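Below, read A as the first sequence line, B as the second, and so on, with proteins coming before strands; counting in each chain starts at 1. Treat the numbers as computed from the prediction; the structure is a model and nothing was measured.
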Amino acid sequence: MYKAPRGTSDILPAEQGYFRYIEGRASEICQRYGYERIDTPVFEDARLFIRTIGPGTDIVEKETYSFEDRSGQGMTLRPEGTAPICRAYLEHGMHNLPQPVRLYYFAAIFRYERPQKGRYRQHQQFGFEALGEGDPALDAEVIEMAWRFFKSLGLRKLSMQVNSIGCRLCRPAYLERLKGYYSQYIDRLCPECKARFRKNPLRLLDCKKPSCQGVAAGAPKSVEHLCPECREHFKSVARYLRLVKVPFKKNHRLVRGLDYYTRTVFEVQPEGEEGAQSALGGGGRYDNLIEELGGKPTPAIGFAVGMERIVLNLKEQGITPPAPERQGIFVAYVGDEAKAEAVKLAAELRRAGVLVYWSFGRKSLKAQMRQANVLGAEYAFIFGEDEVRNGTVVYRDMVEGEQWKVPVGEVVALLTQV
RNA sequence: GUGGGCGUAGCCGAGCGGUUAAGGCGCCAGGUUGUGGCCCUGGAGAUCGAGGGUUCGAAUCCCUCCGCUCACCCCA
């Protein structure tokens with residue numbers, strides 16, 4: 001038997017409600033803030049992701065699904081949403097549009113990882129990006145929008161964590177300081193942190209090991225080593241966030257896994273468990289990314305969430321998407337002549353835009369009515385020999401359990417007037 | 001990549017050396033000749049993840065593989 005590949009899953013009809021619910025809220029928020037939808041290809045030139053995400057990061061080092069197409073071009077299944085959008089921004093000359101250009105997407109994301117709760121090899125992300133504007137007010141707006149999105153889903157007990165990791169002017173000096181600080185404790189660190197020390201020093205800050213946390217607590221904070229511009233920017237973001245009443249926590253240990261982030265970074269986590277893998281979503285500024293892809297210097301900021309993680313949280317909090325109400329017509333019949341009438345009526349009703357069910361074969365009326373019930377039909381039409389003879393049909397209300405005989409010719413009018 | 005847990009019908013799940021392999025949900029049929037939702041009765045559906053071994057006998061014990069799952073790493 002074939003199975004869905006490891007780390008992937010089918011989203012069955014019974015689960016679709018959650019996803020449609022999230023998409024509905026997301027689209028609503030995007031509409032309100034003036035974002036327009038964009039869809040980009042599932043795969044891209046492999047170099048796009050190596051350049052942007054960072055050659056040393058885990059994502060490109062060991063998590064991409066990459067292949068050569070039949071002409072030998074290196075391709076990679078999209079492992080994140082931002083780079084393709086920057087590519088599209090450049091490719092289509094969007095710098096000629098009023099800035100910032102605001103785009104949102106729902107996209108499948110692929111990463112070859114060991115699956116676990118809330119972590120899959122293919123998952124669905126909702127994200128939005130605002131490109132071409134560096135005003136800290138935009139940072140605050142994006143963070144606010146992310147926050148309102150979660151609130152509109154009904155999720156509680158979330159915390160918005162915000163930090164600034166500086167820009168290419170001030171970050172190198174900060175990293176040196178950080179390494180300088182850590183170098184005196186190097187033999188106290190866990191093996192992972194020793195590797196981080198070399199590979200990605202920022203990550204040292206969010207190690208969960210108690211021993212390392214002690215060291216991290218005394219580490220220099222990025223926000224205290226920002227250049228004047230970055231410091232001013234960060235202060236403004238915080239000020240605007242207070243103006244728009246988004247509760248947030250400064251978290252100087254918040255860092256993100258992709259190399260392209262600059263200045264503002266933020267993450268939404270369930271309150272209490274501020275572990276690394278519990279993040280529902282996050283984002284940040286990437287003011288150099290478009291330039292690195294060959295465009296003019298263009299500041300930008302974005303945000304993305306994992307849909308499956310939202311579903312997980314919705315379930316944990318007992319939030320269910322609004323249940324679809326009973327709707328539709330079930331057409332039942334007894335006997336072959338009645339079946340012919342039923343087929344005709346079903347087609348006619350569908351042409352009139354009505355949801356119609358009926359059952360095949362020669363099931364008993366009882367069996368048909370059972371189906372009508374399980375399918376959630378609101379009304380049933382029943383054809384028997386008598387009805388066929390005198391041109392009527394039984395019209396049954398499945399909720400109230402009442403029924404009437406009506407002339408077949410009046411059925412469509414009867415339904416479309418309601 | 002590392003470590004832990006688990007694999008019995010579509011789903012949940014009992015059984016833990018000798019049973020016709022429970023039970024529940026769901027599905028199908030019937031309970032008056034043309035009517036659902038509750039109830040009752042019956043039925044279909046399982047090479048007990050796969051392969052090997054131990055044993056008179058294995059779903060039950062051992063080994064190998066495969067798969068799932070959780071945690072770490074990392075990320076959404």
Quick one: the side chain of [X] and the base of [N], do they pair up donor-acceptor inside 3.5 Å?
X	N	value
Gln403(A)	G36(B)	no
Arg396(A)	G36(B)	yes
Gln368(A)	U35(B)	no
Glu113(A)	A76(B)	yes

Rounded to whole Å, how long is the line connecting atom [atom1] of [X] with atom [atom2] of [N]?
X	N	atom1	atom2	answer
Gln371(A)	G36(B)	CD	P	14 Å
Phe381(A)	G36(B)	CZ	P	19 Å
Leu365(A)	C28(B)	CG	P	15 Å
Arg370(A)	G30(B)	CZ	P	7 Å

Taking only side-chain N and O atoms of [X], does any of them lie within less than 4.0 angstrom of OP1 or OP2 on [N]?
X	N	value
Arg196(A)	C74(B)	yes
Gln116(A)	A71(B)	yes
Ser364(A)	A29(B)	no
Arg256(A)	A76(B)	yes
Arg6(A)	G67(B)	no

Categorize [X] for me: base, sugar-phosphate, or nothing, with a 4.0 angstrom heavy-atom threshold over every strand shown.
X	result
Leu280(A)	sugar-phosphate
Gly401(A)	base
Gln122(A)	nothing
Ile310(A)	nothing
Ala332(A)	nothing
Tyr120(A)	base
Val268(A)	nothing

Exam field: side chain Gln16(A) to backbone Ile11(A), donor-acceptor pair closer than 3.5 Å =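 Answer holds: yes.
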
Between A29(B), G67(B), C74(B), which one does the side chain of Lys3(A) approach most closely?
->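 The listed nucleotide nearest to Lys3(A)'s side chain is G67(B).
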
What integer number of Å spans the P atoms of G23(B) and U32(B)?
->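 Each nucleotide's P atom is 26 Å from the other's.
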
Quote, to the nearest angstrom, the C1' distance that separates C74(B) from U64(B).
->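 C74(B) and U64(B) have their C1' atoms separated by 31 Å.
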
Would you mind checking if Glu15(A) and Lys315(A) are paired as a salt bridge, meaning a charged N to carboxylate O distance below 4.0 Å?
->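 A salt bridge is present here (some side-chain N lies under 4.0 Å from a carboxylate O).
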
